Amino acid sequence: MSDTHTHRVIPLQDLRPSSHALPAAALDDRLRLSPTGTLADTRGRALRDLRISVTDRCNFRCSYCMPKEVFDKNYSYLPHGDLLSFEEITRVVKVFISHGVQKIRLTGGEPLLRKNLSRLVEQLAALRTAEGRPLDLTLTTNGALLARQAQSLKDAGLQRVTVSLDALDDAIFRQMNDVDFPVADVLAGIEAARAVGLGPIKINMVVKRGTNAQQILPMARHFRGSGMVLRFIEYMDVGATNGWRMDEVLPSAEVIALLQQELPLLPLEPSQPGETAQRWGFADAEGRHDVTAGELGVISSVTQAFCRDCNRARLSTEGQLYLCLFAEKGYDLRHLLRGGANDTILASAIGHIWQGRGDRYSELRSAQPADIASTTRRVEMSYIGG
Ligand code: SAM
Ligand code: SF4
Ligand code: SF4
């Protein structure tokens, strides 16, 4: 780097760390693991949910995820040949299904930037679980390109979408996406998704104290009774670039207390095991759940660890398998895929990797936040997907 550079350049290898070696048993023919659809890790957790990052690029620069100072014009994104192709993704997904995966979430970066994404959706929508059911197939997007793509995604077989929206106020929204993108266009995207039937739609709002907390009530009022489920997410210490500080986290308990002052809520049961959000229903005058008003959720990733039921794996843009959102390294499945491994070997490798999983980052952080946050070197969320 020349002396004239004043900005900070993070070397690529810092953000995309080397991989774990495959567990020795993974490639040993005598220990071949055939899929049974009921894989369990070292803490007895099944593998049910696979999140796939289809691009490491994004058209937003949310400071909590891809801050401008790091993801600037000098940042080297992955070359196209390093990305898993749609055929490779579909092949890996089939193997994951054989191990019990039932839900696929496409994410990124911004997934709608991946060229011809509908083709991938079409291929995944054609797959069936061991019980013969279609996958629960969904996508998380910032919504900027959704109005344009909603119909083709629906036609390709996408079931629903989650749209990230951090504010209704245009100035706050533009400031948070940091590329001056207007909120009206995301709202138009949400409306397009609703109109074509990509629902039930979830809306994710990352709450940062001092940045968008004043938007909590307007957001709740706006989405109450809309049929969409708004979820407030605690600002997390993902990656290594967002300069996370605990004092910017607004605990979900405070979000709920704030909402209760104007919009009475009552807790609802989880709808499925491993669900990340705690559900709250809007109450009617008698204190019962008003189903026409609907529900909202809080995701307390920082203040209330939910590792105990975590059944999620993540596949990075270049085919690294991550067992935890906060993992430092992944397992290189692309190397296996492109090295000629057949599906039996691939299934055995994935099986052994999951069986060796013990990750529970959030639980450990709750126990000793200072230690763990400062000693780990985590991968970026835009790379492995949220
Ligand atoms: N670009 C898409 C989007 O924003 O919806 C998909 C990828 S994004 C990484 C997935 C989700 O992660 C988004 O809902 C985003 O708000 C959330 N996210 C990113 N960084 C976060 C952080 N530091 N804390 C909490 N949530 C975060
Ligand atoms: Fe892009 Fe989504 Fe990250 Fe925002 S949260 S920078 S929209 S990937
Ligand atoms: Fe799952 Fe890791 Fe999050 Fe715990 S910290 S819930 S193991 S992704």
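What you are looking at is a predicted structure, and each value in this text was computed from that prediction instead of being measured. Every number for a ligand or one of its atoms is a count from 1 in the order of the listing.
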Option of least heavy-atom distance to atom 3 (C) of ligand 1 (set: Cys58, Ser164, Ser301, Cys62) | Ser164

Closer than 2.8 Å to atom 3 (Fe) of ligand 2 - protein N, O or S atoms, ordered by chain and residue number = Cys65 SG

Within the stated cut-off of 2.8 Å, is an N/O/S atom of Cys307 closer than that to atom 1 (Fe) of ligand 3?
-> no

Heavy-atom nearest neighbour of atom 16 (O) of ligand 1 within options Leu139, Leu112, Ile233, Val206 | Val206

Of the choices Cys65, Gly143, Gly109, which has the non-hydrogen atom that lies closest to atom 7 (C) of ligand 1?
-> Gly109

Which ligand 1 atoms are under 4.0 Å away from a heavy-atom of Thr107?
-> 6 (C), 7 (C)

For atom 6 (S) of ligand 3, which of Arg360, Arg314, Arg312 has the closest heavy atom?
-> Arg312

To the nearest 0.5 Å, tell me how far Lys208 NZ sits from Glu248 CD.
-> 4.5 Å

Does the ring of Phe86 carry Arg119 above it, NZ/CZ under 6.0 angstrom from centre and within 45° of its axis?
-> no

Counting only heavy atoms, which portion of Glu363 has something under 4.0 Å from ligand 3: side chain, backbone, both, or neither?
-> neither

Output, in order, the C-alpha distance, side-chain angles, deciding distance and verdict of side chain to side chain donor-acceptor pair (under 3.5 Å) for Ser118 and Gln149.
-> CA-CA 9 Å; Ser118 299; Gln149 296 189 29; 5.5 Å; no

Please identify which atoms of ligand 3 are closer than 4.0 Å to at least one heavy atom of Tyr361.
-> 5 (S)

